[in-house]
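A short write-up of the structure that comes next.
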Protein chains: 2
Amino acid sequence: MTRKRFDEMGCSVACALNEVGDWWSLLVVKQAMLGTRRFVDFQHNLGIAKNILCNRLSRLVDNGVMVRVDVGEHGKRYEYRLTDKGRDLFTVVTALRQWSERWNGEKDTMQLVDRQSGEPLAPVTVQNQQGQPLTVRDVRFVDEDGKPLEEAG
Amino acid sequence: MTRKRFDEMGCSVACALNEVGDWWSLLVVKQAMLGTRRFVDFQHNLGIAKNILCNRLSRLVDNGVMVRVDVGEHGKRYEYRLTDKGRDLFTVVTALRQWSERWNGEKDTMQLVDRQSGEPLAPVTVQNQQGQPLTVRDVRFVDEDGKPLEEAG
DNA sequence: CCAGAAAGGTTGCATAACGAAACCAAATAA
DNA sequence: TTATTTGGTTTCGTTATGCAACCTTTCTGG
């Protein structure tokens with residue numbers, strides 16, 4: 001019995017979850033955003049089992065989220081770094097972090113600030129073209145022809 | 001061997017993933033945002049096994065992301081609806097959707113538009129207090145005292 | 001009212017994912 | 001040279017997942 005495949009459901013959310021939807025992948029990406037690059041550092045900072053970490057890094061590399069860079073003199077020392085695709089997950093990770101802090105309280109000692117001003121970040125929001133924030137009730141789901149979807153039932 | 005617990009790692013991202021970090025939870029939430037409320041509708045629209053769906057809905061209710069509302073005349077017909085906490089995941093789901101569309105191409109027939117103007121949404125971004133978009137390189141990670149973190153190693 | 005279908009689960013079983021620890025080869029440090 | 005670090009793989013036991021069958025209560029058609 002293989003896990004349900006999410007990349008053929010015709011849903012981009014499912015497709016994204018197929019790549020980073022397991023328990024560990026986004027945490028590895030988040031850790032990489034903090035500057036971690038070496039296998040052992042991921043292992044110690046996350047408290048993840050070695051085989052799982054090995055598997056996750058391989059999957060992230062296969063999916064183009066990270067790259068394995070050879071930094072050894074004779075080729076047996078590696079670094080794992082984010083690609084542009086991986087760095088682009090910053091929005092997702094930050095939205096998730098803020099959501100957790102809003103609803104579960106401040107459980108994180110770490111804070112993110114604007115490097116230039118030193119001020120904390122603004123809450124991540126969905127916005128329209130004019131930059132006004134939108135809730136899920138302010139949007140409509142339409143198909144490719146622009147017709148509204150009624151797929152509740 | 002129980003799964004690694006993410007809610008005691010001192011990381012709000014991990015804490016969030018502890019609640020919605022499995023393969024299915026965010027898809028259930030996304031489906032609820034489309035208007036789905038009934039057990040069988042989730043089942044058919046997602047193609048999820050009944051016991052898994054049952055388990056996920058229970059977990060989402062336990063975590064305050066959804067509520068089970070009794071809609072039967074004599075109490076055996078239910079609806080599952082998003083709470084405010086659940087609706088607040090709209091940002092996360094939308095960021096994930098847009099990320100997937102940017103990097104994996106348009107695999108979704110569905111589009112989100114502003115209900116008022118009918119225009120497509122703006123890309124979700126992390127912003128500073130002035131509303132200027134920030135990448136991961138534009139931010140600094142600091143501890144509670146404002147001192148920069150150097151936890152790469 | 002009665003038969004059948006539908007809603008919302010639960011249970012059993014087989015397979016896949018996961019975690020901890022042991023083991024291992026190459027490269028580096030002492 | 002020996003010890004240690006790095007980046008894994010293997011083994012084994014537990015947990016998660018998928019599928020199908022079953023079960024109870026509630027609608028629905030006649």
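Residue numbers begin at 1 in each chain, while the letters A, B, ... track the order of the sequences. As the structure is a prediction and not an experimental result, all values here were calculated from the model.
- Atom CH2 of A:W23 is separated from atom C1' of C:dC18 by 12 Å (rounded to the nearest Å).
- The distance from atom CG of A:N55 to atom C1' of D:dT10 is 14 Å, rounded to the nearest whole Å.
- Between the CG atom of A:L53 and the C1' atom of D:dT9 there is a distance of 14 Å, given to the nearest Å.
- One interatomic measurement links the two molecules: NE2 of A:H44 to P of D:dG7, which rounds to 11 Å at whole-angstrom precision.
- Listed by chain and residue number, A:S12 satisfy the side chain to side chain donor-acceptor pair (under 3.5 Å) test with B:E101 (two or more places apart in sequence, or in another chain).
- Atom CG in A:D70 sits roughly 16 Å away from atom P in D:dT6 (whole-Å rounding).
- A heavy-atom distance below 4.5 Å is found between the side chains of A:L89 and A:M33.
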Show me the protein contacts with nucleotides 8-10 of chain C, counting only N or O atoms at under 3.5 Å.
from  : atom 1 : to    : atom 2 : distance (Å)
C:dG8 : OP1    : B:R38 : NE     : 3.2
C:dG8 : OP1    : B:R38 : NH2    : 3.4
C:dG8 : OP1    : B:Y78 : N      : 3.2
C:dG8 : OP1    : B:Y78 : O      : 3.0
C:dG8 : OP2    : B:F39 : N      : 3.4
C:dG9 : OP1    : B:R68 : NH1    : 2.5
C:dG9 : OP2    : B:Y80 : OH     : 2.4
C:dG9 : N7     : B:K50 : NZ     : 2.9
C:dG9 : O6     : B:K50 : NZ     : 2.6

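- Remark: A:A95 engages A:V124, B:T91, B:V92 in a side-chain contact (heavy atoms from CB on, under 4.5 Å) (not counting sequence neighbours).
- Straight-line distance from the CZ atom of A:R59 to the C1' atom of C:dC18: 13 Å, rounded to whole Å.
- Among residues two or more places apart in sequence or in another chain, the side chain to side chain donor-acceptor pair (under 3.5 Å) test is passed with A:R87 by A:D84.
- In this structure, CG of B:D22 is placed 17 Å from P of D:dT15, rounded to the nearest angstrom.
- At the phosphate of C:dG19, OP1 or OP2 sits under 4.0 Å from a side-chain N or O atom of A:W24.
- Whole-Å rounding puts the A:F6 CZ to C:dA17 P distance at 13 Å.
- Under the rule for a side chain to side chain donor-acceptor pair (under 3.5 Å), the partners of A:D138 that lie at least two apart in sequence or sit in another chain are A:T135.
- In terms of the side chain to side chain donor-acceptor pair (under 3.5 Å) criterion, residue partners of B:D7 (sequence neighbours excluded) are, by chain and number, B:R5.
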